[in-house]
Amino acid sequence: MSQSHRIDVHHHIAPPAYIAELAPKNMLNPVISGWTLAKSIEDMDKAGVTTSITTVTTPGFWFGDVDQTRRLVRACNEYAAKLVQDHPPRFGMFAALPLPDVEGSLREIEYALDTLKADGIGLFTNYRDKWLGDPAFETVFADLNRRKAVVYTHPDSPACCKNIGLPYINDAVIEYGTDTTRAIARVLFSGTAVRYPDIRFIWSHAGGTMPFITERLIRAPLGNPKLKEQVPNGVLYELKKFHYDTAQASHIYAMSSLTKLVAVSQILFGTDFPYRTSAEHVRGLKECGVFSEADLRAIDCDNALPLLPRFGA
């Protein structure tokens with residue numbers, strides 16, 4: 001199953017400071033609170049993953065206290081940077097930001113990219129009542145565009161839609177894919193994608209539900225001149241520029257749809273570890289019947305290298 005080079009762009013860690021802060025409050029899924037570095041490396045080795053780009057996943061960092069959020073984000077980013085330093089080339093990092101705190105986020109972008117040498121920035125699709133593309137985040141996106149940053153995104157349930165399903169269905173089952181689509185639509189129809197064309201977006205989970213409802217997104221500007229102004233090159237033009245990972249989507253249903261929308265060059269290997277294993281995704285992509293061997297090599301590694309050039313050596 002292994003091969004010489006495979007890069008996972010969707011790999012979660014739980015830094016000790018994060019566990020110490022949230023576990024006593026029963027805010028962490030046991031899968032996350034049980035994370036260890038040894039588990040990450042073992043999973044990577046079983047599937048020939050050379051490098052994993054780390055992020056901290058839900059419930060994220062924002063709980064209403066600016067100082068707490070800044071402190072926790074900084075501690076997690078410094079822990080991720082230490083992993084990169086101590087285990088080359090096994091790890092890279094997408095640094096967290098303390099959004100919706102814009103001032104703190106601008107400082108953290110500078111520290112993460114200039115001092116910690118992060119490979120990009122990791123954002124959630126929403127910050128409680130604001131989605132990516134909201135005017136409140138304009139200066140953050142302007143700075144990320146100036147830096148030509150890679151921006152990895154991960155879904156979260158917004159305040160409006162938490163726990164609205166049946167009691168035994170976790171938000172991740174339906175709401176995460178839906179919120180990824182909300183964020184994509186907000187980035188498109190706020191004009192963010194056009195104003196900041198040098199941001200390299202990575203959308204989790206094959207774009208969520210977006211590939212299935214692409215026709216609705218394409219048609220939305222037809223009857224709304226204001227929306228049309230925000231996507232002067234058309235919706236498809238912007239969607240085809242984005243990158244999408246395979247986490248929890250390495251099967252025929254998601255990949256068949258995604259590959260009808262974007263070129264294989266826009267698809268990146270991702271696993272959602274520790275919620276899923278790397279081996280499952282390697283096997284799923286190989287057995288789904290959508291990809292050639294050349295396609296699989298591109299997804300495993302080659303497509304990521306323009307975004308993560310230091311791992312090309």
Side-chain angles (χ1 to χ4, degrees), residues 9-10 57-58 123-126 131-133 151-158 160-166 169-194 200-224 227-228 230-231 233-272 275-276 280-281 283-292 295-296 298-299 303:
V9 302
H10 189 142
T57 188
T58 55
L123 299 179
F124 291 100
T125 50
N126 76 83
W131 280 264
L132 302 184
V151 173
Y152 157 93
T153 67
H154 193 281
D156 190 13
S157 300
C160 67
C161 304
K162 288 185 179 295
N163 304 314
I164 63 173
L166 296 173
I169 297 181
N170 186 284
D171 280 358
V173 176
I174 297 173
E175 191 55 39
Y176 280 16
T178 301
D179 207 63
T180 294
T181 303
R182 287 192 189 101
I184 291 172
R186 192 76 171 90
V187 166
L188 289 175
F189 296 129
S190 65
T192 299
V194 172
R200 279 85 58 78
F201 283 98
I202 302 171
W203 300 100
S204 293
H205 310 131
T209 61
M210 180 276 296
F212 186 77
I213 65 166
T214 298
E215 182 180 37
R216 292 179 179 272
L217 296 177
I218 292 170
R219 292 184 60 81
L222 299 183
N224 188 330
L227 291 186
K228 191 172 183 178
Q230 305 301 332
V231 282
N233 299 310
V235 167
L236 274 180
Y237 176 85
E238 304 301 335
L239 293 178
K240 290 177 181 291
K241 285 174 55 181
F242 296 149
H243 295 82
Y244 306 86
D245 77 35
T246 65
Q248 305 239 29
S250 58
H251 48 74
I252 191 170
Y253 314 110
M255 291 296 109
S256 294
S257 181
L258 184 62
T259 53
K260 297 297 183 183
L261 174 62
V262 304
V264 169
S265 62
Q266 305 308 110
I267 303 174
L268 309 174
F269 183 77
T271 67
D272 217 345
Y275 290 100
R276 296 286 298 278
E280 286 177 308
H281 287 77
R283 184 168 57 250
L285 291 170
K286 185 174 182 179
E287 296 178 356
C288 72
V290 176
F291 301 111
S292 67
D295 292 338
L296 292 173
I299 292 168
N303 295 344

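Predicted, not measured: the structure shown is a model, and the values here were computed from it.
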task = With sequence neighbours excluded, tell me which residues meet side-chain contact (heavy atoms from CB on, under 4.5 Å) with Gln248.
result = His205, Asp272, Tyr275, Arg276

key: Sidechain-backbone polar pair: Ser257 side chain, Tyr253 backbone, donor-acceptor under 3.5 Å   = no

request  = Taking atom CZ of Phe291 as the centre, report whether more than 12 heavy atoms of other residues, nucleotides or ligands fall under 6.0 Å from it.
outcome  = yes

task = Applying side chain to side chain contact (heavy atoms under 4.5 Å, CB included), run through Leu239 and Ile184 and close with a yes or a no.
result = CA-CA 9 Å; Leu239 293 178; Ile184 291 172; 3.7 Å; yes

message = If you define the side chain from C-beta out and look only at heavy atoms, does anything of Phe124 sit under 4.5 Å from Thr58?
response = yes

ask   = Ignoring hydrogens and geometry, is there a side-chain-to-backbone donor-acceptor pair from Thr271 to Ala247 under 3.5 Å?
value = no

message = Would Val235 and Phe189 count as a side chain to side chain contact (heavy atoms under 4.5 Å, CB included) here? Give the steps.
response = CA-CA 9 Å; Val235 167; Phe189 296 129; 3.9 Å; yes

From Trp131 atom CH2 to Leu123 atom CG, the distance as rounded to the nearest 0.5 Å = 15.5 Å

inquiry  = Quick check: closest heavy atoms across Glu175 and Pro158, and the distance to 0.1 Å?
reply    = OE2-CD, 3.8 Å

note = Correct closest heavy-atom pair for Thr192 and Ser190 would be OG1-OG, 2.7 Å

message = Take a 6.0 Å sphere around NZ of Lys286 and say whether it holds more than 12 heavy atoms from other residues, nucleotides or ligands.
response = no

task = Taking Lys240 for its side chain and Leu261 for its backbone only, find out whether a donor-acceptor pair lies under 3.5 Å.
result = yes

ask   = How long is the gap from CD1 on Ile174 to CD1 on Ile169, to the nearest 0.5 Å?
value = 5.0 Å

request  = Would you check if the side chain of Thr259 reaches a backbone N or O of Ser256 as a donor-acceptor pair within less than 3.5 Å?
outcome  = yes

Non-hydrogen atoms of Thr180 and Pro155 that approach each other most closely = OG1-CB, 3.4 Å

ask   = Checking Thr125 side chain against Asp156 main chain: does a donor-acceptor pair fall under 3.5 Å?
value = yes

remark   = Residues Ala183 and Trp203: closest non-hydrogen pair is CB-CZ3, 3.8 Å

Donor-acceptor under 3.5 Å (Thr181 side chain, Thr209 main chain) = yes

message = A side-chain contact here means heavy atoms from C-beta on lying under 4.5 Å apart; do Leu217 and Met210 qualify?
response = yes

request  = Report the distance from atom SG of Cys161 to atom CG of Asn126, rounding to the nearest 0.5 Å.
outcome  = 9.0 Å

inquiry  = With ring-ring contact (aromatic ring centres under 6.0 Å, His included) as the criterion, how do His10 and Tyr152 come out once you've worked through the C-alpha distance, each side chain's angles and the decisive distance to 0.1 Å?
reply    = CA-CA 9 Å; His10 189 142; Tyr152 157 93; 5.5 Å; yes

task = State whether the side chain of Asn303 and the backbone N or O of Val264 hold a donor-acceptor pair below 3.5 Å, judged by distance alone.
result = yes

request  = Check the pair Gln230 / Val194 against side chain to side chain contact (heavy atoms under 4.5 Å, CB included), numbers first and verdict last.
outcome  = CA-CA 7 Å; Gln230 305 301 332; Val194 172; over 6 Å; no

ask   = Which heavy-atom pair separates Ala249 from Ala254 by the least distance, and what is that distance?
value = O-CB, 3.5 Å

query = Any donor and acceptor pair, going by atom type alone, linking the side chain of Thr246 with main-chain N or O of Gly270 inside 3.5 Å?
reply = yes

inquiry  = Quick one, Leu227 with Leu188, criterion side chain to side chain contact (heavy atoms under 4.5 Å, CB included). Give me CA distance, side-chain angles, the key distance, then yes/no.
reply    = CA-CA 9 Å; Leu227 291 186; Leu188 289 175; over 6 Å; no

Heavy-atom closest contact (Gln266 atom, Phe242 atom, distance) = NE2-O, 3.1 Å

key: Lys260 side, atom NZ; Met255 side, atom CE - distance, nearest 0.5 Å   = 13.5 Å

remark   = The reported gap from CD1 in Ile299 to CG in Asp245 (rounded to nearest 0.5 angstrom) is 11.5 Å

request  = Can you sort out the partners of Tyr237 under side-chain contact (heavy atoms from CB on, under 4.5 Å), two or more places apart, ordered by chain and number?
outcome  = Asn233, Lys241

